[in-house]
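These notes are about the structure you will find just below.
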Number of protein chains: 2
Amino acid sequence: MAAQTKGPGGKQPTINDVAALAGVSKKTVSRVINRSEFLTEKTRAAVEKAIEQLGFVPNPQARALAFRRNFLIALLHDNPNAQTVLNFQRGVLDAIKDSDLALLVRPVDRGSDKLLDDVRTFLEKQRPIGAMLLPPISENDDLAALCEDLGVRYVRIGSAPLDDAKHCISSNDREVVAEAVRGLIALGHRRIGFVRGPVGFRSAAEREKGFLEALAEAGLTLPAELNAPGNYRYTAGIEAGEALLSRADPPTAIFCSNDEMAAGVMSVAHSKGIKVPGELSIIGFDDSPTATHIWPALSTVRWPIREMGIRAAQTLVPDFLSPGAKADDEGNVLPSTLVERQSVAAPPGR
Amino acid sequence: MAAQTKGPGGKQPTINDVAALAGVSKKTVSRVINRSEFLTEKTRAAVEKAIEQLGFVPNPQARALAFRRNFLIALLHDNPNAQTVLNFQRGVLDAIKDSDLALLVRPVDRGSDKLLDDVRTFLEKQRPIGAMLLPPISENDDLAALCEDLGVRYVRIGSAPLDDAKHCISSNDREVVAEAVRGLIALGHRRIGFVRGPVGFRSAAEREKGFLEALAEAGLTLPAELNAPGNYRYTAGIEAGEALLSRADPPTAIFCSNDEMAAGVMSVAHSKGIKVPGELSIIGFDDSPTATHIWPALSTVRWPIREMGIRAAQTLVPDFLSPGAKADDEGNVLPSTLVERQSVAAPPGR
DNA sequence: GGCATGCTGGACACCGGTATCAATAATTGC
DNA sequence: GCAATTATTGATACCGGTGTCCAGCATGCC
């Protein structure tokens, strides 16, 4: 007698339909859905059969309302590197796959003076359980404060710890950059150029620190004329390449703070007839698709971005994930790795 | 006397709080929120003042429940080209910015035999108003049928109309490819190679059609030995490049069905010492970041992907967007454009 | 056999909005 | 000036779940 409209275009069955079919109350069905204890095996089986039969799927909006919290997490980003965002997204989705959570993606404009208002409106409207901040906006302390204020959990993804461990997933970029540069020095490079990232970016600062560290260890310094400004864009790489490679005494190797700029430097080298890696070694950072698509393929640093996505989810919402509720304090620094391709060799004289 | 817990960590004010403060019923507040007519200017002002004062933001879950539909649209994709996905996403978000809608992004695995089940589960669980299918999964008729079945609106993004206009946003890829190839012929190229896309992809077939069309117009044909298989990946470009450029009679130009494969062909040319564009012209498709990052910069076809995102939103949920409720039948074919860069020139002999 | 105890499962209120429909206020016609 | 008409508002049920709290029943104990 229960109206069980089903099938194409029809209404979705509700918990009441299930309860009626199984001959129990809706609360009992609710218990089954939420895996409550205190249930006879018999009752559980009956309810599960009814659920199966009706193809019942709980309405997430209703659950959200009743639970007084929804099951959304937000990913906020303003990243020029699409692959990074998507890989991170994949990691997060891998982590929440078997949970009730869904992911809301929100690109923002870090340049806008309404950034904070935008994010506030978004968070107030959607009320996600938590938010993930990808670099570079993860470096914005006001955003973190805003989340705190609104009672929204958050994690910040960064190149170095920015906050206490429970709010921060990072990688050891500085160390790996240093390792890469040590490699150049070991090959015999002495005049090594550097293309910086944008001013005020933590990631840029970390890469620079690693670079200078390695030079210092070898008793080398970075002459001002080999230190080029940059902003992570291809065109900045072009400009830096022009500046560094037009000199009478060009560097024999250049470390670029990301792959796009490295591609720019590489283009300049090609157009000037400078052989890479024979006459010039180049190293980038990110391991973006560009790194493998340019010729010769770029040696670079691979950021464990997908793993960071997984870890970010585990840190943000451990209570919603089944087993991997890891919360080990220091586990939130993940290792970047050096990827050696064809853009590095010994300098000409050796 | 009304309890207005506000501020950090406090509860969000509800419609009841607003009603109490404004001295009206909750239904009236609801009317204000939903811009109902039949409201005195005075009442509206009073309610709006209370909303403002309390910083009230309606709970989307509660609205979704009461409206019997949520305000989510889903973006389903399995796209190797991250930039495309992100640009499309931007377009959609631009379009829905001032609406109540939110965007749920869902990567899927087109290779999985559980694809349909995955998508079904996702749609049943989240119950979005509509779904957007990006290529290549947009070509999957079963997915479209599934949406239909579940009563979820959908639009398919493709290289050519796949369905009736109200379900399909496409671009005129065939024509633009033909235009590009005509350009090569006009420059004097006669032996033009082709690197195909993956078998069974509509996008690949369209590009091939355009290519052959232009050849036919000029009375040319594509010799089997210049027709290389591909799968849109860089490595396929490498293989195709090896096959085509190792011949005694190599082509003087190669059209590649996407940029990544073009980058592969370009790498092979570089490593064989073949000058691009002096000895070999190359054209790609997509205008991905790779196209500008490689050297020389790649001539390619730009897909109006962001505009397609906007149009997709307008087609999918015109009733939720304010003015741009365009539904003109034939307006859903958007123009791709040829982007001329430095990888094309006249063939050696001319 | 009667009673305390521990499990189960149900009745009912509630989450924060919207729909229905009747009640009330404002306007109009004559 | 009064009834008829129309514009505006409110009372109450309801959307589809969950929490609270209590009742019913089987069991163990004396």
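The sequence lines fix the lettering, A, B, ..., with proteins before strands; numbering per chain opens at 1.
At the phosphate of D/dG19, neither OP1 nor OP2 sits under 4.0 Å from any side-chain N or O atom of A/Ser30. Contact annotation: A/Thr28 side-chain N/O to C/dG10 OP1/OP2 distance is under 4.0 Å. Contact check, B/Ser25 against D/dG10: a side-chain N or O comes under 4.0 Å of OP1 or OP2. In terms of phosphate contacts, A/Asn34 brings a side-chain nitrogen or oxygen within less than 4.0 Å of OP1 or OP2 of D/dT18. Between A/Arg63 and the phosphate of D/dT18, there is a side-chain N or O to OP1/OP2 separation shorter than 4.0 Å. Contact annotation: A/Thr40 does not reach the phosphate of C/dC7 (side-chain N/O to OP1 or OP2, under 4.0 Å).
D/dG16 atom C1' lies 13 Å from atom CZ of B/Arg127, rounded to whole Å. Spacing between atom CG of A/Asn70 and atom C1' of D/dT18 amounts to 15 Å, rounded to whole angstrom units. To the nearest angstrom, C1' of C/dC14 lies 16 Å from CD of B/Gln61. Taking atom CG of residue A/Leu65 and atom C1' of nucleotide C/dT18, one finds them 12 Å apart after rounding to whole Å. One atom, CZ of A/Phe67, and another, P of C/dC14, lie 19 Å apart when rounded to the nearest Å. Atom NZ of A/Lys26 and atom P of D/dT18 are 9 Å apart (whole Å). Distance, B/Asn16 CG to C/dG17 P: 8 Å, rounded to whole Å. At whole-Å resolution of the value, CG in B/Asn59 and P in D/dG17 are 16 Å apart.
Residues B/Glu307 and B/Arg311 are not paired through a salt bridge, judged by the lack of any N-O separation under 4.0 Å between the basic side chain and the carboxylate. Ionic pairing of A/Asp94 and A/Arg306 is present here: one or more N-O contacts between side-chain nitrogen and carboxylate oxygen are shorter than 4.0 angstrom.
Out of C/dG16, D/dG17, D/dG10, the shortest distance to the side chain of A/Ile15 is found at D/dG17. Of all nucleotides listed (C/dG10, D/dG17, C/dG9), C/dG9 comes nearest to the side chain of A/Leu39.
Annotation: of the two residues near DNA chain D, A/Arg68 and B/Phe38, the 5′-most nearest-nucleotide partner is B/Phe38. Nearest-nucleotide positions on DNA chain C for B/Phe56 and B/Arg31 put B/Phe56 closer to the 5' end.
The base of C/dA11 lies outside donor-acceptor range of the side chain of A/Lys27, with no N or O pair under 3.5 Å.
Scanning all heavy atoms of the two residues, the minimum distance from A/Gln61 to B/Leu65 falls at CB-N, 4.4 Å.
B/Asp17 contributes a side-chain N or O that, together with a main-chain N or O of B/Thr14, makes up a donor-acceptor pair within less than 3.5 Å.
At the heavy-atom level, A/Val24 lies under 4.0 Å from the strands shown only through sugar-phosphate atoms.
Relative ring orientation between A/Phe71 and A/Phe320 is described as perpendicular, the plane-to-plane angle rising above 60° on a 0-90° scale split at 30° and 60°.
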